[in-house]
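Reviewing the structure listed below.
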Amino acid sequence: ESLVVTHRGQQIRSRTPVSFELGEDYQGTAEGLRGWIEPRRYELEGLVHIESRPGAEEPLEIQAKGLIMDRSRRLMRSRDWAVLRRRGERLSALEMHFFFDDDERTLRFVRAEDKVSGILRSGGSIDLAGTEARRLGFNAGKMTLLMSDDGRHPRKLDLESRHRTRPRVY
């Protein structure tokens with residue numbers, strides 16, 4: 001259990017498990033950490049697990065194999081596979097980018113690439129053939145998901161092909 005501080009206090013490194021906080025609502029663990037105090041960029045190593053604290057406004061869970069957290073840009077990027085779970089929804093891909101609000105409480109935007117799959121609950125906001133959709137499953141090469149202003153529901157979903165593989169919706 002050691003944390004090494006170098007470069008005049010500007011770089012940190014731990015090869016042992018670490019715990020961290022993301023805003024007031026989320027907490028996480030990783031198998032290791034390498035970080036730079038300025039510009040507030042951290043590489044979480046090994047299996048990374050982030051989950052909501054009890055009572056969080058927007059409960060979610062992220063699991064990833066390696067995660068780069070750029071706190072100054074409110075961006076997290078998986079280094080390998082990642083899974084996002086929230087409100088009965090699930091997204092997975094070999095690479096994901098997560099963008100949060102300034103207060104790090106609300107997920108605003110998700111971008112995923114390579115072997116993307118997911119199930120979203122539309123809450124009636126997506127209309128398929130004139131009917132209210134409750135669950136929308138998909139596979140795609142790339143995906144962009146824009147959340148509603150309050151972060152509770154998907155507002156826009158774009159699916160793209162990759163390497164001649166067409167997106168599939170079910």
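These numbers come from the heavy atoms of this one structure, side chains and all, not from hydrogens, waters or symmetry mates.
Across every non-hydrogen atom of Tyr26 and Ser52, the tightest pair is CE2-OG, 3.4 Å. Contact record, Glu95 with Ser78: CA-OG, 3.4 Å, taken as the closest heavy-atom pair. Between Ala30 and Leu44, the closest heavy-atom pair is CB-CB, 3.9 Å. When all heavy atoms of Pro154 and Arg121 are compared, the closest pair comes out as CD-O, 3.7 Å. Taking each heavy atom of Ala93 and Val116 in turn, the nearest pair found is CB-CG2, 3.9 Å. The nearest pair of heavy atoms linking Glu160 to Thr144 is OE2-OG1, 4.4 Å.
Although no hydrogens or angles enter the test, the distance criterion places a donor-acceptor pair under 3.5 Å between the side chain of Arg53 and the main chain of Glu24. At distances below 3.5 Å, at least one donor-acceptor pair connects side-chain atoms of Arg108 with backbone N or O atoms of Asp149. In terms of modelled atom types and a separation under 3.5 Å, the side chain of Ser14 and the main chain of Ser2 share a donor-acceptor contact. Here the side chain of Glu104 pairs a donor or acceptor atom with the backbone of Gly23 at under 3.5 angstrom.
For Ser117 and Ser92, the side-chain atoms include at least one donor-acceptor pair closer than 3.5 Å. Donor-acceptor pairing under 3.5 Å is recorded for the side chains of Glu61 and His49. In summary, the side chains of Ser72 and Asp70 do present a donor paired with an acceptor at a separation below 3.5 Å, with no hydrogens or angles considered. With no hydrogens or angles considered, a side-chain donor-acceptor pair links Arg85 and Gln63 at under 3.5 Å.
Evaluation of the side chain to side chain donor-acceptor pair (under 3.5 Å) rule for Ser148 yields Asp150 as partners, not counting sequence neighbours.
When the side chains of ILVMFWY residues are joined at heavy-atom separations under 4.5 Å, either directly or via intervening members, Leu120 and Val169 end up in a single hydrophobic cluster. Both Leu145 and Leu136 are part of a single hydrophobic cluster, where members link through side-chain heavy atoms under 4.5 Å apart. When the side chains of ILVMFWY residues are joined at heavy-atom separations under 4.5 Å, either directly or via intervening members, Ile119 and Ile62 end up in two distinct hydrophobic clusters. Taking hydrophobic clusters as Ile, Leu, Val, Met, Phe, Trp and Tyr residues chained together by side-chain heavy-atom distances below 4.5 Å, Ile12 shares a cluster with Met69.
No more than 12 heavy atoms of other residues, nucleotides or ligands shown are found within 6.0 angstrom of CZ on Arg166. Around atom CZ of Arg79, no more than 12 heavy atoms belonging to other residues, nucleotides or ligands sit under 6.0 Å away.
Under 4.0 Å is where a charged nitrogen must lie from a carboxylate oxygen, and between Glu45 and Arg13 at least one such pair does. The pair Glu43-Arg41 counts as a salt bridge, with a side-chain nitrogen and a carboxylate oxygen less than 4.0 angstrom apart. Comment: Arg105 engages Glu57 in a salt bridge, judged by a side-chain N to carboxylate O separation of less than 4.0 angstrom. Electrostatic pairing of Glu51 and Arg86 does not count as a salt bridge here, judged by no charged N lying under 4.0 Å from a carboxylate O.
Leu47 shares a hydrophobic cluster with Trp81, Val83, Leu94; the chain of contacts runs through ILVMFWY side chains whose heavy atoms sit under 4.5 Å apart. Through chains of ILVMFWY side-chain contacts below 4.5 Å, Leu75 is grouped with Phe99, Phe109, Leu146.
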